[in-house]
There are 2 protein chains.
Amino acid sequence: MTNSNEDIKCPVASTLKFIGGKWKTVILYYLTSGKKRFGEIAVRIPTISRKVLTQQLKELERDGLIFKEQYKEIPPRVEYSLTDLGKSLNLVFKEMSNWGLENVLNKK
Amino acid sequence: MTNSNEDIKCPVASTLKFIGGKWKTVILYYLTSGKKRFGEIAVRIPTISRKVLTQQLKELERDGLIFKEQYKEIPPRVEYSLTDLGKSLNLVFKEMSNWGLENVLNKK
DNA sequence: CATTTTAGTTACTTTTAGGTTACTACTTTT
DNA sequence: AAAAGTAGTAACCTAAAAGTAACTAAAATG
């Protein structure tokens, strides 16, 4: 989601600027179950390429939704977790999840 | 939003397939205040081109979120309104709206 | 000394979304 | 006879998002 609809002060669109895009919600939703390593996320979401995963994680970090912990180990270990801001999306995800379950997943 | 993450049964991503994209939430959110004509929507969201507006409305209609009424008049009159399914997104929008207000619009 | 392991990066290509401009249909109004 | 009004469509173009494949660092393991 670009920022050209910033001129429209739509609070819903504002939120989508943070969690819009093909993968962010999936990543964030997975992180609601706790801290995860890069590789764990990649395995859990096999259809995302590592390049794109890296990009999305960077953006989520830049936007303050997730926190990145790097351990100075070899081989490297990196863990991602939700920040308070990320956790504050909780209710949003809950409603989206409910809707998706009721109207999409349990429909087909 | 494409459907390549359909394989992942993420209820949140499922919902985004319906309301993801740059404009859909803005359109739907506007329609929560009642039936609107094509031109009214276009005026209200001036940064969207008419081509894209048409496209988005078609997709929303295809997905069963909005209903299109065409009056056989000249000049033409077309009205769009939320279907029951569209209205059922109410809670989702409410939470997204809250989050956007608290964390984006009132922050800057 | 070759291999494995993890979390990436780089360069390049493809796909998708969105945008621009010009055009149409049909009636009413001037 | 010309212009205005509405809701589009068609052809074309651009930018952004996503994908692919090959590569890297540095230590540990066999």
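Below, read A as the first sequence line, B as the second, and so on, with proteins coming before strands; counting in each chain starts at 1.
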Residue list, side chain to side chain donor-acceptor pair (under 3.5 Å) with [X], at least two apart or on another chain:
| X | result |
| --- | --- |
| A/Ser88 | B/Trp99 |
| A/Lys51 | none |
| B/Tyr80 | none |
| A/Thr54 | none |

Original post:
Any side-chain N or O of B/Lys68 less than 4.0 Å from the OP1 or OP2 oxygen of D/dG8?
Top reply: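 Yes, within the criterion.
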Original post:
Think B/Lys51 has a side-chain N or O under 4.0 angstrom from the OP1 or OP2 of C/dA17?
Top reply: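 Answer is no, no contact under 4.0 Å.
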**OP:** Estimate the overall bend of the helix from C/dC1-D/dG30 to C/dT30-D/dA1 from the end axes over five pairs each, rounded to 10 degrees.
**Re:**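 Nearest ten degrees gives 20° for this helix.
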Identify, residue by residue, the members of [range] with a heavy atom below 4.0 Å from DNA chain C, and return them in order of residue number, or none.
| range | result |
| --- | --- |
| residues 73-82 of chain A | A/Pro75, A/Pro76, A/Arg77, A/Val78, A/Tyr80 |
| residues 52-63 of chain B | B/Val52, B/Gln56 |
| residues 28-37 of chain B | none |

**OP:** Would you confirm whether A/Ser14, through its side chain, and B/Gly100, through its main-chain N or O, come within 3.5 Å as a donor-acceptor pair?
**Re:**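 Pair absent, no side-chain N/O of A/Ser14 close to backbone of B/Gly100.
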Pairing residues for [X] by the salt bridge (charged side-chain N to carboxylate O under 4.0 Å, His left out) criterion, not counting sequence neighbours:
| X | answer |
| --- | --- |
| B/Glu40 | none |
| B/Glu61 | none |
| B/Arg50 | none |

Subject >> Shared hydrophobic cluster for A/Leu53 and A/Ile19 (ILVMFWY, side-chain gaps under 4.5 Å) >> reply: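 In one cluster with A/Leu53: A/Ile19, yes.
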Report, one line per pair, each donor and acceptor closer than 3.5 Å where one atom sits in a side chain of residues 62-73 of chain A; sequence neighbours left out.
residue, atom, partner, partner atom, Å
A/Glu69, OE1, A/Lys35, NZ, 3.2
A/Tyr71, OH, A/Glu79, OE1, 3.0
A/Glu73, OE1, A/Arg77, NE, 3.4
A/Glu73, OE2, A/Arg77, NH2, 3.2

Original post:
Any side-chain heavy atom of A/Glu95 within less than 4.5 Å of one from B/Lys94?
Top reply: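 The answer is no; the side chains never approach within 4.5 Å.
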Subject >> Touch class at under 4.0 angstrom, heavy-atom based, for B/Lys72 against every strand present >> reply: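 The answer is nothing, as B/Lys72 stays clear of every strand by at least 4.0 Å.
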Original post:
Looking only at heavy atoms, what is the nearest atom pair of A/Cys10 and B/Leu105, with distance?
Top reply: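 Answer, listing the atom of A/Cys10 first, then B/Leu105: C-CD1, 4.4 Å.
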Original post:
Which listed nucleotide (C/dT20, C/dA7, D/dG19) is nearest to the side chain of A/Trp23?
Top reply: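 Within the option list, the nearest is D/dG19.
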